[in-house]
Amino acid sequence: FIVCMGLYVKYSVSEANVAKNILPLLFVTIGFGLVGFVDDFKKLVLKNTKGLKPIYKMLGLLIIAVAYTLFLTNVLKIGTATYIPFLKIYINMPIWLYIPFAIFVLLGTTNAVNLTDGIDGLATTVTTIILAFFTTVGIILGVKEIVLVGATLVGACLGFLLFNLHPAKVFMGDTGSLLLGGAIAGIALYLKMPIILVIVALVPVIETISVMLQVTYYKKTGKMLIEVAVDNVYSIISGGNKEYYLTYQGNRMHVINSIKTAVGVQPINEENNNNPSNSNANNENTTTNQQTNTENSENNNQTSNSQNSAN
């Protein structure tokens with residue numbers, strides 16, 4: 001937060017537009033984190049094991065999600081265009097459909113990351129890779145505010161990961177998981193790429209689906225659908241080695257997450273390379289540089305001739 005605010009102060013002088021666009025990203029990130037902080041504070045400090053009531057937690061997240069979505073559509077006026085991966089097209093949603101869709105993306109992603117926070121280092125590593133993906137997209141597309149916020153969050157996650165790998169000494173709790181989920185969803189919507197989360201955030205998606213199926217099946221039958229939740233809580237129940245399991249599961253998830261983020265960034269990179277406007281811009285820059293070099297050469301020749309004549 002301190003780093004991002006420092007960036008805002010710095011760019012408010014030199015690049016006011018970039019500074020202005022950083023604020024909504026900070027709002028959705030810190031806002032979701034504050035909701036998680038209230039929950040953690042009640043559990044750890046006030047010794048209330050139930051924490052923040054689920055209905056109040058969802059209400060807080062909903063208020064922030066609505067505010068962020070309305071800011072994007074009414075203040076920044078980014079439109080409702082949404083990128084479709086691999087088809088390499090944008091579709092324009094009606095505003096009445098886009099607003100609930102964006103709110104669903106924000107709430108769904110945040111809770112998915114929260115559910116992923118189960119074994120040491122998993123949520124941190126998964127979100128670091130996802131944030132690195134969106135930071136790379138920001139570099140490719142030249143969206144400076146995304147690069148600044150994304151790189152700051154990646155650095156924070158890597159620093160935290162030093163103390164969160166197995167055996168974890170520090171846990172992020174709802175403060176960290178909701179904050180990172182809000183950041184990921186907020187950046188995805190800002191870049192008009194929420195659908196690509198299905199690819200790059202596959203691990204949280206699988207976690208969410210497995211928990212939903214598990215809870216629904218248990219309520220109806222009184223039995224577990226599967227022995228344990230997918231890729232999260234543990235196989236010690238069946239006598240496995242905990243340390244080996246955590247290391248194996250964590251490494252496997254990191255490899256899977258890295259592969260799918262690479263798959264996700266490929267069509268964006270191809271589209272950017274094939275974009276006529278980018279090609280024209282590059283051609284214009286090349287032409288300008290050539291003209292500048294020609295003019296400099298002519299000036300040098302004229303200066304040289306003048307000196308020779310004087311001699």
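Atom set for the values below is all heavy atoms of this structure, side chains included, hydrogens, waters and symmetry mates excluded. All values derive from a computational prediction rather than experimental measurement.
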Interatomic spacing from CD1 in Ile30 to CG in Leu179 - rounded to 0.5 Å = 5.5 Å

Leu107 and Met93: same hydrophobic cluster, using ILVMFWY side-chain contacts below 4.5 Å?
-> yes

Sorted by chain and number, sequence neighbours left out, side-chain hydrogen bond (donor to acceptor under 3.5 Å, both in side chains) with Lys43 holds for Asp39

Qualifying residues under side-chain hydrogen bond (donor to acceptor under 3.5 Å, both in side chains), relative to Thr175, sequence neighbours excluded = Asp40

Under the side chain to side chain contact (heavy atoms under 4.5 Å, CB included) test, residues paired with Lys53 that sit two or more places apart | Ile55, Tyr56

Quick one: side chains of residues 190-201, donor-acceptor pairs under 3.5 Å with protein atoms, not counting sequence neighbours, listed by atom name and distance.
| from | atom 1 | to | atom 2 | distance (Å) |
| --- | --- | --- | --- | --- |
| Tyr190 | OH | Asn21 | ND2 | 3.3 |
| Tyr190 | OH | Glu145 | OE2 | 2.4 |
| Lys192 | NZ | Ile78 | O | 2.8 |

Given side chains that start at C-beta, do those of Thr80 and Ile91 come closer than 4.5 Å, heavy atoms only?
-> no

In terms of hydrophobic clusters joined by side-chain contacts under 4.5 Å, are Leu23 and Val13 together?
-> no

Side chain to side chain donor-acceptor pair (under 3.5 Å) contacts in which one or both residues fall within residues 91-101, not counting sequence neighbours | none

dist Ser12:OG -> Ile22:CD1 (nearest 0.5 Å) comes out at 9.0 Å

What pairs of donor and acceptor atoms, side-chain ones from residues 61-73 against any protein atom, are under 3.5 angstrom apart with sequence neighbours left out?
| from | atom 1 | to | atom 2 | distance (Å) |
| --- | --- | --- | --- | --- |
| Tyr68 | OH | Gly186 | O | 2.7 |
| Thr69 | OG1 | Ala65 | O | 2.8 |
| Thr73 | OG1 | Thr69 | O | 3.1 |
| Thr73 | OG1 | Leu70 | O | 3.2 |

Remaining members of Val147's ILVMFWY cluster at a side-chain heavy-atom cut-off under 4.5 Å?
-> Ile139

Residues forming a side chain to side chain contact (heavy atoms under 4.5 Å, CB included) with Leu87, sequence neighbours excluded | Ile84, Ile89

Spacing of Thr135 atom OG1 and Leu153 atom CG [to the nearest 0.5 Å] | 7.5 Å

Working to the nearest 0.5 Å, report the span between NZ of Lys47 and NZ of Lys42.
-> 14.5 Å

When clusters are formed by joining ILVMFWY residues with side-chain heavy atoms under 4.5 Å apart, either directly or through shared neighbours, do Phe37 and Leu106 land in the same one?
-> no

Pairs involving residues 24-33, ordered by first then second residue, that meet salt bridge (Lys or Arg N to Asp or Glu O under 4.0 Å) (sequence neighbours left out) = none

Residues two or more places apart in sequence or in another chain: which of them pass side chain to side chain contact (heavy atoms under 4.5 Å, CB included) with Ala132?
-> Val154

What are the two closest non-hydrogen atoms of Thr124 and Cys157, and how far apart are they?
-> CG2-O, 3.5 Å

Hey, any chance Val126 and Leu158 share a hydrophobic cluster, counting ILVMFWY side chains that come within less than 4.5 Å of each other, even indirectly?
-> yes

Answer yes or no: is there a donor N or O on one side and an acceptor on the other, between the side chain of Lys88 and the main chain of Pro85, under 3.5 Å?
-> no

Can you tell if the side chain of Leu76 reaches within under 4.5 Å of the side chain of Pro24, non-hydrogen atoms only?
-> yes

Just how far is it from atom CG of Leu97 to atom OG1 of Thr82, taken to the nearest 0.5 Å?
-> 9.0 Å

Check against side chain to side chain contact (heavy atoms under 4.5 Å, CB included), Thr125 and Leu161 | CA-CA 7 Å; Thr125 310; Leu161 191 59; 3.5 Å; yes

Do Val45 and Leu52 belong together in a cluster built from hydrophobic side chains that touch within less than 4.5 Å?
-> no

Could you give all pairs that pass the salt bridge (Lys or Arg N to Asp or Glu O under 4.0 Å) test and reach residues 12-31, with sequence neighbours left out?
-> Glu15-Lys144

Scan residues 27-36 for pairs that pass side chain to side chain donor-acceptor pair (under 3.5 Å), counting only residues two or more places apart or in two chains.
-> none

For the atom pair CG (Leu34) and CG (Asp174), what is the distance rounded to the nearest 0.5 Å?
-> 13.0 Å

Is there a side-chain contact between Met172 and Leu180 (heavy atoms, below 4.5 Å)?
-> yes

Quick one: closest heavy-atom pair of Met58 and Asn111, and the distance?
-> SD-ND2, 4.0 Å

Taking every non-hydrogen atom, the tightest pair across Ala19 and Tyr11 | CB-C, 3.7 Å

